[in-house]
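One structure is given here, and the rest of the page talks about it.
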Protein chains: 2
Amino acid sequence: MSSQNLKQQIYSQVARIGKVVCHGHRLELLEYLAQGERTVEALANLTGLSVANTSQHLQVMRQSGLVKARKNGLYVYYSLADDEIVRLLASMRKLAESHLADVDRLVRAYLTVKDELEPIPRQELLERARQGIVTVLDVRPPEEYACGHVPGAVNVPLKELGKRLKDLPQDQEIVAYCRGPHCVLAFEAVAQLREKGFQARRLEDGFPEWREAGLPVEKTAVTESRSKKG
Amino acid sequence: MSSQNLKQQIYSQVARIGKVVCHGHRLELLEYLAQGERTVEALANLTGLSVANTSQHLQVMRQSGLVKARKNGLYVYYSLADDEIVRLLASMRKLAESHLADVDRLVRAYLTVKDELEPIPRQELLERARQGIVTVLDVRPPEEYACGHVPGAVNVPLKELGKRLKDLPQDQEIVAYCRGPHCVLAFEAVAQLREKGFQARRLEDGFPEWREAGLPVEKTAVTESRSKKG
DNA sequence: CTATTATTCAATAATTCAATTGAATAATAG
DNA sequence: CTATTATTCAATTGAATTATTGAATAATAG
């Protein structure tokens with residue numbers, strides 16, 4: 001049996017962590033969970049997966065210990081068990097970007113000249129926001145905004161951006177952010193705003209990374225919004 | 001199509017990185033590659049996998065861009081494409097250790113085995129060798145072996161160890177030695193043997209010290225050394 | 001040229017995984 | 001208690017992975 005066997009057992013165990021992150025849907029779920037705890041239904045709505053399927057993926061992740069759950073009333077709230085997961089995901093994204101030609105191409109193809117829209121560093125945004133010389137725009141859905149957002153950020157989900165342009169300043173820079181480096185919401189928001197003549201930039205990465213960096217986070221009291229079935 | 005589609009495509013791409021690290025054998029291969037470039041055969045010997053199987057796992061990793069290969073003569077030398085991989089693996093190990101109860105247990109077992117790597121004193125080896133309850137292994141090149149060695153020692157240069165495992169006893173302790181306290185050959189031999197399930201230890205110091213201590217030495221007429229091409 | 005060696009490819013069987021469906025469980029309200 | 005809702009379970013199906021086998025390819029030596 002020996003240490004050969006033992007070694008393989010250890011590798012198999014470590015591979016269980018790998019199995020969690022080898023499926024696109026689970027990666028997507030993890031990114032949502034990185035923003036805060038969510039119910040199964042909320043995750044299903046966000047991802048477009050069936051509830052049963054979402055639940056099963058969550059079970060897989062739960063068995064690996066990467067995700068934890070607490071039950072409160074009818075709802076089960078899932079969340080990440082460890083911040084190390086955020087680093088793991090970042091590491092994977094980095095490798096994907098530099099080694100899978102497709103990713104870079106995909107990102108560039110859809111996001112219009114990525115480089116033109118240079119993101120503003122977190123620390124810089126924090127300072128400017130404190131000075132009040134910038135408008136921070138959170139383009140995620142209201143539920144996510146409610147779970148936590150950059151202090152002072154205005155929540156305008158991308159879908160409503162067109163209708164709410166009048167609420168935004170023409171003479172001040174606007175910095176938009178969303179879920180993270182692979183989330184397109186902020187890119188699209190910035191593109192739309194620039195088209196309309198606003199001064200707009202993106203925050204580097206997104207909210208999960210902001211939180212991870214230990215920067216201040218603001219929360220809103222959770223309203224009684226009942227999300228409907230999809 | 002839109003950004004929903006795009007998002008899923010990107011997640012799928014990132015998941016391809018995950019697929020590389022979701023199998024124990026690939027993790028083991030990556031760890032060996034992290035130490036330096038290796039041929040397919042060398043990796044197959046180290047892991048105990050068949051050559052074809054090793055090759056196929058390497059293909060998988062190569063397609064993901066995490067591993068690269070260069071061909072030189074008959075051999076294909078594989079190596080890691082990016083140091084980020086080491087961080088990824090570290091991250092996975094960390095998560096595995098803190099979230100999979102089994103891993104901690106296994107690692108502990110593995111480490112206690114490792115602690116047994118203490119070298120055996122010369123006098124003790126001499127007695128045991130005389131009793132025939134131990135196999136003495138000389139891992140130096142044949143020329144050095146021919147010049148003098150521990151009585152009864154078998155000469156298996158480190159490079160050939162993988163191929164000659166079948167000549168070694170599974171049920172008896174093996175004691176390896178090389179040139180001296182600063183020579184790594186015996187260390188590596190012991191490590192390899194233990195990985196393969198053998199009971200192996202190192203002799204304290206090496207052959208020069210053995211001779212210096214006035215212990216018996218055996219000499220061989222120089223045979224046709226069968227070392228193959230380089 | 002043929003023979004040898006290292007690696008890869010192709011076909012297969014065994015196993016594992018993913019998504020769907022519909023039923024089961026658990027908490028709550030009336 | 002029954003009805004409702006959120007979640008999980010269990011069974012099924014089709015797809016993807018893995019390991020094995022033996023053949024094919026490529027580099028080299030004679």
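Naming: A, B, ... by sequence-line order, numbering from 1 per chain.
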Output the rounded distance in Å from [atom1] ([X]) to [atom2] ([N]).
X     : N      : atom1 : atom2 : result
A/R38 : D/dT7  : CZ    : C1'   : 18 Å
A/R70 : C/dA26 : CZ    : C1'   : 17 Å
B/Y75 : D/dT25 : OH    : P     : 22 Å
B/L43 : C/dA6  : CG    : P     : 14 Å
A/E41 : D/dA6  : CD    : P     : 5 Å
A/K71 : C/dT28 : NZ    : C1'   : 11 Å
A/E28 : C/dA19 : CD    : P     : 12 Å
B/K19 : C/dT16 : NZ    : P     : 17 Å

Would you call [X]-[Y] a salt bridge at under 4.0 Å N-O?
X      : Y      : value
A/R179 : A/E31  : no
A/R87  : A/E84  : yes
B/R201 : B/E173 : yes
A/R38  : A/E143 : no

Legend entry - Polar contact flag, side-chain donor to acceptor under 3.5 angstrom, B/H149-B/N155: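 Per modelled atom types, B/H149 and B/N155 side chains form no pair under 3.5 Å.
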- Relative to the 5' end of DNA chain C, which residue comes earlier, B/Y77 or A/C22, by the nucleotide with the nearest heavy atom?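 Per heavy-atom nearest nucleotide, the more 5' residue is B/Y77.
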Which comes earlier along DNA chain C counting from the 5' end, the contact point of A/H25 or that of A/N72, where each point is its nearest nucleotide?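 It is A/H25 whose nearest nucleotide is closer to the 5' end.
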* Asked: Can you check whether B/H57 has a side-chain N or O nearer than 4.0 Å to OP1 or OP2 of D/dT17?
  ->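 Looking at the OP1 and OP2 atoms of D/dT17, neither is under 4.0 Å from any side-chain N or O of B/H57.
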**Asked** With respect to the phosphate group of D/dA16, does any side-chain polar atom (N or O) of A/H23 fall under 4.0 Å of OP1 or OP2?
**Response**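 For D/dA16, OP1/OP2 do not have a side-chain N/O of A/H23 under 4.0 Å.
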Exercise. When you measure from the side chain of B/N53, which nucleotide among D/dA19, C/dT20, C/dA26 comes out closest?
Worked result: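 Selected nucleotide: D/dA19.
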Each base of DNA chain C marked ( ) or [ ] if paired in-strand (Watson-Crick or G-U under 3.5 Å), | if paired to another strand and . if unpaired gives ||||||||||||||||||||||||||||||
Could you list all N or O pairs between the protein and nucleotides 8-14 of chain C that sit under 3.5 Å apart?
unit_1	atom_1	unit_2	atom_2	d
C/dT8	OP1	B/Q59	NE2	3.4
C/dT8	OP1	B/Y78	OH	2.7
C/dT8	OP2	B/S55	OG	2.8
C/dA10	N6	B/Q56	OE1	3.2

Margin query: Pair A/I85, A/L33 - check side chain to side chain contact (heavy atoms under 4.5 Å, CB included), show working.
Written below: CA-CA 10 Å; A/I85 297 164; A/L33 290 174; over 6 Å; no
- Sub-3.5 Å donor-acceptor pair from the side chain of B/Y145 to the main-chain atoms of B/A153, do we have one?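 Here the side-chain-to-backbone pair exists.
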Quick check against the 3.5 Å criterion: does A/Y177 have a side-chain atom that pairs as donor or acceptor with the backbone of A/W210?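 Side chain of A/Y177 to backbone of A/W210, a donor-acceptor pair under 3.5 Å: no, none is there.
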(message) Taking the cut-offs as 6.0 angstrom to the six-membered ring centre and 45 degrees off its axis, would you call B/R70 and B/Y77 a cation-pi pair?
(response)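 That pair qualifies as a cation-pi contact.
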